[in-house]
Amino acid sequence: MRGGELSWWTQPTAPFQTTAQIVVVGSGAAGAFVALTLAEAGLDVVVIEEGFSPTRRPASLHEAMRRVYAEGGFRTSIGSAPPMPVAGGRGLGGSTLINSALCFRTPRDTLDEWNDLSGGAFRDVDAYYRVQDDVETIMRVAPTPDHLLSGNDRVQQIAARRLGWSEHNGRRNTPYCTGCGRCHLVCPHAGKNSVDRELLPRAAAAGARIFAGCRVQAVDTGRVSGTLVDELDQEVGSFTVHADHIVLCAGAISTPRILHDAGVVDADGPVGRGLCLQPVHSILAYLPDTVVFSPGATQGHVVDEFVDDKIIFETNPTIAAMIANLPLRGLDLTRVLAQGGQIANTGGLIRDESRGRVFGSINGVARIAYDLCPADMHRICRTLQRGARLWFEGAGAQWVGTVIHGGRLANNQAEFDAMTPQDLSPQRLISYASHPQATCSVGRVTDHQGQLLELPGVSCIDASSLPNNVGRNPQISVMTVARILSSRLAFDLGGRVAPLIPV
Ligand SMILES: Cc1cc2nc3c(=O)[nH]c(=O)nc-3n(C[C@H](O)[C@H](O)[C@H](O)COP(=O)(O)OP(=O)(O)OC[C@H]3O[C@@H](n4cnc5c(N)ncnc54)[C@H](O)[C@@H]3O)c2cc1C
Ligand code: SF4
């Protein structure tokens, strides 16, 4: 066995078996809160995490994709649109290692909707928001200060203000951020308070035993088992954990995938259905007189003018690969790549009404189906056109381009609108998603403690638990729901829940 710098985790190098009262599978946003809550309630907890240990940070995007992204960064959905990346994290800290750290509270209308859908899982609304206050405190959430806005953030801010659109600096959980803009590669400066910084070590201090490099492949009442993997993802042995209770916190894709792969739930049943993805589409613009590229927060600015239409805009970090998604070839592409320093980029995120489904996996590749419904297609077209307005009217862009097959760079709003008609085919979109949610929803697939209705002794508590999507970046909602459901579970298992904020 190898241990971490501070010895709060272990990476087994030889086959092992162990027992625990509760085994938690996954150590991301939800897993960390579940492990902490259960361990501090005095219960005997083992955490099993497939991914890497946090001692060595990836040096490049390529290395990060291979080591810290689910399925090496190639996890995709298939359906009416071309294959859509569904990014997810893999490691002690899960997706919080690689997320942009944007933080949003659960909107009140969303919470009301969740109560309708779940039969009142969060009916004590004041208690829900008190937990969320504590989650935000412990995650050290604060607005991005002006001095950390990147050039891209600043041009979006100016453009939105010129148009009179509602906007704000994004709130983030980055207390020591230096503004290097590399959040998606694992923060190299310990600036982001991902859950491996404080929460997992605190869970370990309360007695949780945390194992990295352990991929769960089989689950049944009382037992999880799987293979040990090394940093190169080579299988080096096997493990089994016997436990009275299992909590799956492997994320909205892997949690249903594990259950289907294990054959312990009805293949045609509710587990894995209801998938929301909150797809994002980039709108890029050339601002010849403005230096857009300058360091700062990875995504520091938000436009929420169209939130009632289920659309928000967040500045997007522009990387060469994104420019290469523009409908350009050969010398045209080379010319635009050379303008990279003056290219602004916003990402339009929608609160989707489409619902997909997660099945099991084939050769380690999750099978994810997702079709964009007509209402979402219309919303995406409105998103693209409003994004173009932001840049043309708000920032005087020379051209605006977006991520559709067969498109071109538009020189004015009319050209852009003509390129993005309401009957645009989903097959022309180049979409991206990193917010899968709602595949094992509370009140539909589980009871109000997160326990599976189909399989006694097994709970699902993570982004899969949400009754539907948040319509914002979801990590704070996922953490809040994880804290609430795991507190109920701890109580049920005879534990005494300790306060999240030590008194
Ligand atoms: C690139 C990116 C950017 C994002 N940006 C933001 C943002 O700015 N703000 C925001 O609010 N949200 C953001 N999100 C989303 C947010 O991080 C997630 O919604 C949240 O982390 C989900 O929490 P979770 O616990 O359900 O899953 P995760 O945090 O993904 O954790 C799941 C864990 O389970 C482990 N696991 C999976 N399968 C197995 C297995 N078989 N055996 C053992 N372990 C397993 C995984 O390795 C992973 O560590 C982003 C996500 C990504 C990928
Ligand atoms: S912008 Fe850089 S320093 Fe700030 S949290 Fe992200 S990776 Fe860390």
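Just so you know, ligand 1 is whichever comes first in the structure, and atom 1 is the first atom listed for that ligand. For this chain, numbers begin at 1 and follow the sequence in order.
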For Ser95, the ligand 1 atoms whose distance to one of its heavy atoms is below 4.0 Å: 17 (O), 21 (O), 28 (P), 29 (O), 30 (O)
Just distances here: any N/O of Gln475 and N/O of ligand 1 closer than 3.5 Å? yes
Polar contacts were defined as any N/O atom of the residue lying under 3.5 Å from an N/O atom of the ligand; does this apply to Val216 and ligand 1? yes
Would you check whether Phe211 reaches within less than 4.0 Å of ligand 1, judged by its heavy atoms? no
For ligand 1, which is the ligand I care about here, please tell me if Leu102 has any N or O atom under 3.5 Å from one of the ligand's N or O atoms. yes
Atom 4 (Fe) of ligand 2 to nearest N/O/S of Cys183 below 2.8 Å: no
Could you tell me which atoms of ligand 1, counted from 1 in the order shown, lie closer than 4.0 angstrom to a heavy atom of Cys249? 32 (C), 33 (C), 34 (O)
Nearest candidate to atom 2 (Fe) of ligand 2, where distance is taken over non-hydrogen atoms, out of Cys180, Ser194, Gly179: Cys180
Please confirm whether Arg215 comes within less than 3.5 Å of ligand 1 when only nitrogen or oxygen atoms on both sides are compared. no
Show the atoms of ligand 1 that are less than 4.0 angstrom away from any heavy atom in Tyr432. 1 (C)
Geometric N/O contact Ser100 with ligand 1, under 3.5 angstrom: yes
Is Ile476 in polar range of ligand 1, meaning some N or O pair under 3.5 Å apart? no
Check contact between Pro436 and ligand 1, using heavy atoms of the residue and a distance below 4.0 angstrom. no
Before signing off on this row, confirm whether Ile258 and ligand 1 have an N or O atom pair separated by under 3.5 Å. no
Going by the 4.0 angstrom heavy-atom rule, the piece of Ala101 near ligand 1 is backbone
Option whose closest heavy atom lies nearest to atom 22 (C) of ligand 1, chosen from Ala70, Gly26, Ala463: Ala463
Could you tell me which atoms of ligand 2, counted from 1 in the order shown, lie closer than 4.0 angstrom to a heavy atom of Gly181? 1 (S), 2 (Fe)
Write out the residue and atom name of the closest protein heavy atom to atom 6 (C) of ligand 1, then the distance separating them to 0.1 Å. Asn99 CB, 3.4 Å
Do any N/O atoms on His184 end up under 3.5 angstrom from N/O atoms on ligand 1? no
Evaluate the side-chain proximity of Cys214 to Pro12: yes if any heavy-atom separation is below 4.5 Å, no if none is. yes
Within the 4.0 Å heavy-atom shell around Thr178, which atoms of ligand 2 are there? 3 (S), 4 (Fe)
Short N or O distance, Gly91 and ligand 1, threshold 3.5 Å exclusive: yes
Give the atom numbers and elements of ligand 1 that come within less than 4.0 Å of a heavy atom of Gly94. 29 (O), 31 (O), 48 (C), 49 (O)
With a 6.0 Å cut-off on the ring centroids, do Phe239 and Phe211 count as close? no
Return the residue, atom name and 0.1 Å-rounded distance of the protein heavy atom closest to atom 8 (Fe) of ligand 2. Cys187 SG, 2.3 Å
If we ignore angles and hydrogens, is there a donor and acceptor under 3.5 Å between the side chains of Thr137 and Asp134? no
So, applying side-chain hydrogen bond (donor to acceptor under 3.5 Å, both in side chains) with Ser100, which one of Gln299, Glu314, Gln475 is it? Gln299
Test of understanding: given a 4.0 Å heavy-atom threshold, classify the contact between Thr174 and ligand 2 as side chain, backbone, both, or neither. side chain
Considering only heavy atoms, which of Glu50, Glu49, Arg75 lies nearest to atom 47 (O) of ligand 1? Glu49
Show me which atoms of ligand 2 lie under 4.0 Å from any heavy atom of Pro188. 7 (S)
Ala30, any N or O under 3.5 Å of ligand 1 N or O: yes
